[in-house]
Amino acid sequence: NADTALSHAKRMGRKNYQFYSRPMNAAAVQMLEMGNHLHRAVERGELLLYYQPQIDLRSGEIFGAEALLRWRHGGKDLVLPGEFIPLAEESGLIISMGEWALRSACLQARAWEEEGHPLRVSVNLSSRQFWHRDLAPMVARILAETALPPHLLHLEITETILLESGPATLETLMALKDLGAVLSLDDFGTGYSSLSYLRRYPFAMLKIDQAFTREIEGDAGAGMVEAIMAMARSLKLQVIAEGVENAAQLDALRSRGCDIIQGFLVSPPLAAEEFGTFLRRAAFAGEKPLPPGTGWL
Ligand code: C2E
Ligand code: MG
Ligand code: MG
Ligand code: MG
């Protein structure tokens, strides 16, 4: 666990005599080193965004794309966010990384728009970013700077962030909404979901976590998704299902009124260039991006 290793390393640093005493130390030292490298990653341009298409099930068209961070570290394979976001959170680096990600995503969406593809771009916010006092002004600056129409920017906030909820939560959400951005509740169902906050907060989208998508073929799982859909409809939220990997899941979701899907069935997250190819192929002769045999074509 990254957090434990890092705090362990910190404790070890304070008591030098313990430094060589346990096998755990190698991992801790590695975490500290990774932290140092991560610090330089932004400046060195080692961070990149991948984009995963989201498909509107009614029109069959591309609804938008979720921007997902990747780190090209030392010429090796891309490092996934699960391995460095916790470290970035703990060190505070997430603030500058998050600003970089937001700006890059908005620039990209603006470029797509100029090419005739006004797609939404969805950017994830972490807890520390959400509670940072500069968040709304920062989003406002980037929208102005990139000239992206604000409704094309979706901001994903996980349910767990709302757990630390206080009076400032609603204020922050409203400030973001007032900028014209669209709020999306990410990983729905994995935390503590309360109807009352969903009603109170200005979310327009709800993302069903992939854990539910995975179970939709079973009776219990299907029941859960039906309950989520009913609730979403009564609150007038649009629903995106994450982690859709096969045609059976797609059919089960569509028959229950799911609005949008995202997952390997359509495409894995793509580098910006590859996404451009995906876009042009989908736009060509009105071809729909869902693969044949999924009951769509
Ligand atoms: P998330 O926002 O829930 O993103 C969805 C994750 O599911 C992504 O993992 C995506 O690659 C993966 N995924 C997509 N389709 C499928 C599928 O069909 N099956 C399976 N098994 N997985 C699928 P990824 O890219 O590793 O990102 C993990 C998490 O890291 C994200 O979860 C998000 O919470 C966080 N993250 C990513 N980029 C950023 C960022 O720019 N800022 C912040 N704060 N967090 C980020
Ligand atoms: Mg997300
Ligand atoms: Mg999610
Ligand atoms: Mg998730």
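Heavy-atom basis, side chains included; hydrogens, waters and symmetry copies ignored. As the structure lists them, so they are numbered: ligands from 1, and atoms in each ligand from 1.
For a threshold of 3.5 Å applied to N or O pairs, the pair formed by G263 and ligand 1 contains no separation below that value. Not one N or O of R214 is nearer than 3.5 Å to an N or O of ligand 1, by distance alone. The N/O atoms of D187, backbone and side chain alike, include one that comes under 3.5 Å of an N/O atom in ligand 1. Considering backbone and side-chain atoms alike, L69 places an N or O below 3.5 Å from some N or O of ligand 1.
When every heavy atom of Q129 is checked against every heavy atom of G98, the shortest pair comes out as NE2-CA, 3.2 Å.
Taking backbone and side chain together, D187 holds an N, O or S atom under 2.8 Å from the Mg ion (ligand 3). The Mg ion (ligand 2) has no N, O or S atom of S122 closer than 2.8 Å. Residue side and main chain included, D186 places an N/O/S atom under 2.8 Å of the Mg ion (ligand 3).
Residues R214 and Q210 are in side-chain contact: their nearest non-hydrogen atoms beyond the backbone lie under 4.5 Å apart. Residues F188 and T158 are not in side-chain contact: their nearest non-hydrogen atoms beyond the backbone lie 4.5 Å or more apart. By the 4.5 Å heavy-atom criterion applied to side chains, L152 and E113 are counted as neighbours.
Not counting sequence neighbours, the partners of R103 by the salt bridge (charged side-chain N to carboxylate O under 4.0 Å, His left out) test are E99, E145.
Nearest N/O/S atom of E156 with respect to the Mg ion (ligand 2) is recorded as OE1. Within E66, the N, O or S atom at minimum distance from the Mg ion (ligand 2) carries the name OE2.
Atoms of ligand 1 found under 4.0 Å from any heavy atom of Q52, numbered from 1 in the order shown, are 14 (C), 15 (N). Using a 4.0 Å cut-off to heavy atoms of Q210, the atoms of ligand 1 that qualify are 6 (C), 7 (O), 12 (C), 13 (N), 20 (C), 21 (N), 22 (N), 23 (C). Residue D186 has at least one heavy-atom neighbour below 4.0 Å for each of these atoms of ligand 1: 1 (P), 2 (O), 3 (O).
Shown are E66, Q52, E156, Q262; of these, the side chain to side chain donor-acceptor pair (under 3.5 Å) with S122 is made only by E156.
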Would R128 and E89 satisfy salt bridge (charged side-chain N to carboxylate O under 4.0 Å, His left out), going step by step from the backbone distance to the final call? CA-CA 6 Å; R128 193 136 171 190; E89 274 274 306; over 6 Å; no
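Counting only distance, with no hydrogens or angles, the side chain of T213 and the backbone of E242 share a donor-acceptor pair below 3.5 Å.
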